[in-house]
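Contents: one structure, followed by commentary.
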Amino acid sequence: MAKATEQKQNSRTVEETKLDIRDVVTIATTYGEDNRHGDRRNDVAMFMSRAMCMAVSAVAVLLMVTARETSMTTLYGFEFQLHAVWSLSDSLIYLVVVSSATVIYSLLQLVLSGTRLMRRSPVIPTRKQAWVCFLADQILGYAMVSGGSAALGVTNVNRTGIRHMPLPNFCKSLGFFCDHLAISVVFALFAFLLLAASSILDVLHLSRDW
């Protein structure tokens with residue numbers, strides 16, 4: 001009787017151990033699937049942010065390079081011809097250069113991430129590449145916000161004039177030019193926000209276990 005009881009207890013212990021192992025395997029499998037789904041969502045979000053950043057930056061460049069206008073204005077009773085071109089301002093040239101670099105970088109990242117998504121592989125496969133993307137997003141993001149701020153100053157001077165000099169509001173005569181500048185700056189700052197969002201996604205990739 002004692003042996004039979006001991007055998008029953010041993011069999012129960014073995015069965016409980018098997019159940020515990022199954023539970024551990026089930027939990028690990030579920031956790032792995034959740035991680036894969038989370039990584040997949042982050043990859044899709046990264047792809048979308050790259051696509052939007054490329055489109056927004058391209059619109060900013062297009063609006064800026066088409067900002068040119070010739071008009072007439074009156075100052076102290078004299079009529080003058082005004083000829084406004086974006087390339088006459090170093091600040092606007094800087095914004096165009098930075099926005100163009102952002103378009104090229106975003107296009108490259110878009111192609112790479114799109115190819116990897118189609119192959120169902122991680123968009124950022126290594127920790128080293130995650131660091132490279134993070135640094136590139138940070139550099140271009142700060143460059144975009146600095147270029148947008150500089151261009152915003154030029155746009156503001158055109159609209160309000162200079163306080164200590166009796167200069168008129170040139171945007172009354174150059175409405176098309178000033179509107180293009182203002183909208184281009186808005187798109188450039190929006191591109192900065194998208195680069196900041198990409199940086200956050202880069203940090204999420206860096207924080208995961210490799």
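Linking Ile, Leu, Val, Met, Phe, Trp and Tyr whenever their side-chain heavy atoms come within less than 4.5 Å leaves V132 and I124 in two separate clusters. By the rule that hydrophobic residues join a cluster once side-chain heavy atoms approach within less than 4.5 Å of another member, L189 and L193 end up as members of one cluster. No continuous path of hydrophobic side-chain contacts links I200 to Y142 [ILVMFWY only; heavy atoms under 4.5 Å]. Note on V111: it clusters hydrophobically with L201, by side-chain heavy-atom contacts below 4.5 Å among ILVMFWY residues. Hydrophobic clustering (side-chain heavy atoms under 4.5 Å, transitive across Ile, Leu, Val, Met, Phe, Trp, Tyr) groups M54 together with M48.
The CZ atom of F177 lies 10.5 Å from the CH2 atom of W86; values are rounded to the nearest 0.5 Å. We find the CZ-CG distance between F187 and L62 to be 10.0 Å, quoted to the nearest 0.5 Å. Here the straight-line distance linking atom CG of N42 with atom CG of D202 works out to 10.5 Å at 0.5 Å rounding. Between H205 atom NE2 and T126 atom OG1 the span is 10.5 Å, to the nearest 0.5 Å. The CE atom of M52 lies 10.0 Å from the OG atom of S198; values are rounded to the nearest 0.5 Å. Rounding to the nearest 0.5 Å places CZ of R41 at 11.5 Å from CG of L204.
The one candidate from L181, L95, V185, V186 that meets the side-chain contact (heavy atoms from CB on, under 4.5 Å) condition with L152 is V185.
A salt bridge links R50 with D137: at least one charged nitrogen is closer than 4.0 Å to a carboxylate oxygen.
Ring planes of F134 and W131: perpendicular class, angle over 60° (limits at 30 and 60°).
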Apply side chain to side chain donor-acceptor pair (under 3.5 Å) to the pair Y105 and S57, showing each step before the final yes or no. CA-CA 11 Å; Y105 168 74; S57 301; over 6 Å; no
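Counting heavy atoms from C-beta on, the side chains of S113 and D43 never come closer than 4.5 Å.
Of the possible polar contacts, none joining the S121 side chain to the L117 backbone as a donor-acceptor pair under 3.5 Å is found. The backbone N or O of V85 sits nowhere less than 3.5 Å from a side-chain atom of R68 that would complete a donor-acceptor pair. Distance alone, capped at 3.5 Å, is enough to place a donor-acceptor pair between the H180 side chain and the L63 backbone. Side chain of S49 to backbone of M46: a donor-acceptor contact under 3.5 angstrom is found. Using modelled atom types, no side-chain atom of S99 and backbone atom of V96 make a donor-acceptor pair closer than 3.5 Å.
When only modelled atom types and interatomic distance are considered, S89 and Y94 share no side-chain donor-acceptor pair under 3.5 Å.
Summarising the geometry of S106 relative to C53, their closest heavy-atom pair is OG-SG, 3.5 Å, with the distance given to 0.1 Å. Taking each heavy atom of L92 and A151 in turn, the nearest pair found is CD2-CB, 3.6 Å. Taking every heavy atom of both residues into account, A101 and L140 meet most closely at CB-CD2, 4.3 Å.
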